[in-house]
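Order of the sequence lines fixes the chain letters, A, B, ..., with proteins taken first and strands second; residue numbering starts at 1 for each chain. Since the structure is predicted, the reported quantities are computational estimates derived from the model, not experimental observations.
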Number of protein chains: 2
Amino acid sequence: MSNPCLPECGVARFLTLLNGPWATLIVRELLKAPHRFTELREALPGISPHTLTSRLRQFERHGIVTRTAYAEIPPRVEYELTPLGEGLRDVLEAMGTWAMAVPDPDAAVTA
Amino acid sequence: MSNPCLPECGVARFLTLLNGPWATLIVRELLKAPHRFTELREALPGISPHTLTSRLRQFERHGIVTRTAYAEIPPRVEYELTPLGEGLRDVLEAMGTWAMAVPDPDAAVTA
DNA sequence: CCGGATCCTACAAGATACTG
DNA sequence: CAGTATCTTGTAGGATCCGG
């Protein structure tokens, strides 16, 4: 895309960090509580392990989530939002609030 | 993706309506003021007319923007947010506010 | 249980050229 | 000016198999 991110354009940065349809939904789950890998899979019907890993890794790199592996049998891994990630709560709430006011995504044509 | 959109999940609906990297940026420009087609192109360096038209049409269908064509010479077309689209201001502001608090998208690794 | 590796699909987006 | 048409590309995501 090569958008130079204008001075005041924090929006572009947000989009870079939460790109793709799943990213925001994953954050949404983690806002409720820390989750294990499998728990996230169950909370996000249809997501593939590949995608989930991919998004989670990206979040780690950006300091949005922490990954804690417990060397137990069976293995256990917890994903938790960092304070930075917690800050996304306001954004997600704003999204949800707005979307609730939308008549209907598909029926909007008839409006 | 086929995500069934859980009961409380307005977030998923938001993501459906503002999908793709450019969608949100276009809304961001229109939040400042109504824009003509070419004005949007200039405000969004790198966007192709194809993509711009595509996103704009989708916004129209969803009732987020209105398209007003003036039968003049030269032709003039104005894109303006509907009240529904205006409601996105809070969401975009939340995004910007959060992103500003992020150390740096790329340097976050070193944090 | 967690998740990396590989290959493939779907869709947003880019490039370019052309029209009312 | 404001698009449209066609073709290609880039990347998120899906499917499947397998290793720690």
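- Closest non-hydrogen pair, A:P75 versus A:R36, comes out as O-NH2, 3.6 Å.
- For the pair A:R76 and B:P75, nearest-nucleotide mapping onto DNA chain C gives the more 5' position to A:R76.
- No donor-acceptor contact under 3.5 angstrom links the side chains of B:T51 and B:S54, judged on distance only.
- In this structure, the CH2 atom of A:W22 is 15 Å from the C1' atom of C:dA10, given to the nearest Å.
- When rounded to the nearest whole Å, the span between CG of A:L44 and C1' of D:dA12 equals 15 Å.
- Between B:R67 and D:dA2, a side-chain N or O to OP1/OP2 separation shorter than 4.0 Å is absent.
- Minimum heavy-atom separation, A:V102 to B:R13: O-NH1, 3.3 Å.
- Of the candidates D:dT4, D:dG13, C:dA12, the closest approach to any side-chain atom of B:R57 belongs to D:dT4.
- Between the P atom of D:dA2 and the CD1 atom of B:I47 lies a distance of 14 Å, rounded to the nearest Å.
- The CG atom of A:L56 sits 17 Å away from the P atom of C:dC1 (whole-angstrom rounding).
- The interatomic distance linking B:R55 (CZ) with D:dG3 (P) rounds to 15 Å, in whole Å.
- In the region residues 33-41 of chain B, proximity to DNA chain C at under 4.0 angstrom, judged on heavy atoms, holds for none of the residues.
- No side-chain N or O of A:R61 forms a donor-acceptor pair with one of A:Q58 less than 3.5 Å apart.
- To the nearest angstrom, C1' of C:dG4 lies 17 Å from CD of A:Q58.
- Ion pairing between B:R41 and B:E39 fails under the 4.0 Å rule for side-chain N and carboxylate O.
- Dashed line: the shortest gap from a side-chain N or O of A:S48 to OP1 or OP2 of D:dG14 is under 4.0 Å.
- A:T82 places none of its side-chain heavy atoms less than 4.5 Å from the side chain of A:F59.
- Rounding to whole angstrom units, CG of residue B:L52 and C1' of C:dG14 are separated by 13 Å.
- Rounded to a whole Å, the CG atom of B:L15 is 17 Å from the P atom of C:dC11.
- Contact annotation: B:N19 side-chain N/O to C:dC11 OP1/OP2 distance is not under 4.0 Å.
- Residues passing the ring pair (Phe, Tyr, Trp, His ring centres under 6.0 Å) test with B:F14, sequence neighbours excluded: A:W98.
- Look at A:T51 and you won't find any side-chain N or O under 4.0 angstrom from OP1 or OP2 of D:dA12.
- Between B:Y79 and the phosphate of D:dG3, there is a side-chain N or O to OP1/OP2 separation shorter than 4.0 Å.
- Applying the 3.5 Å distance criterion, the base of C:dT16 shares no donor-acceptor pair with the side chain of B:H50.
- With C:dG14, C:dT16, C:dG4 as the candidates, the nucleotide lying closest to the side chain of B:P49 is C:dT16.
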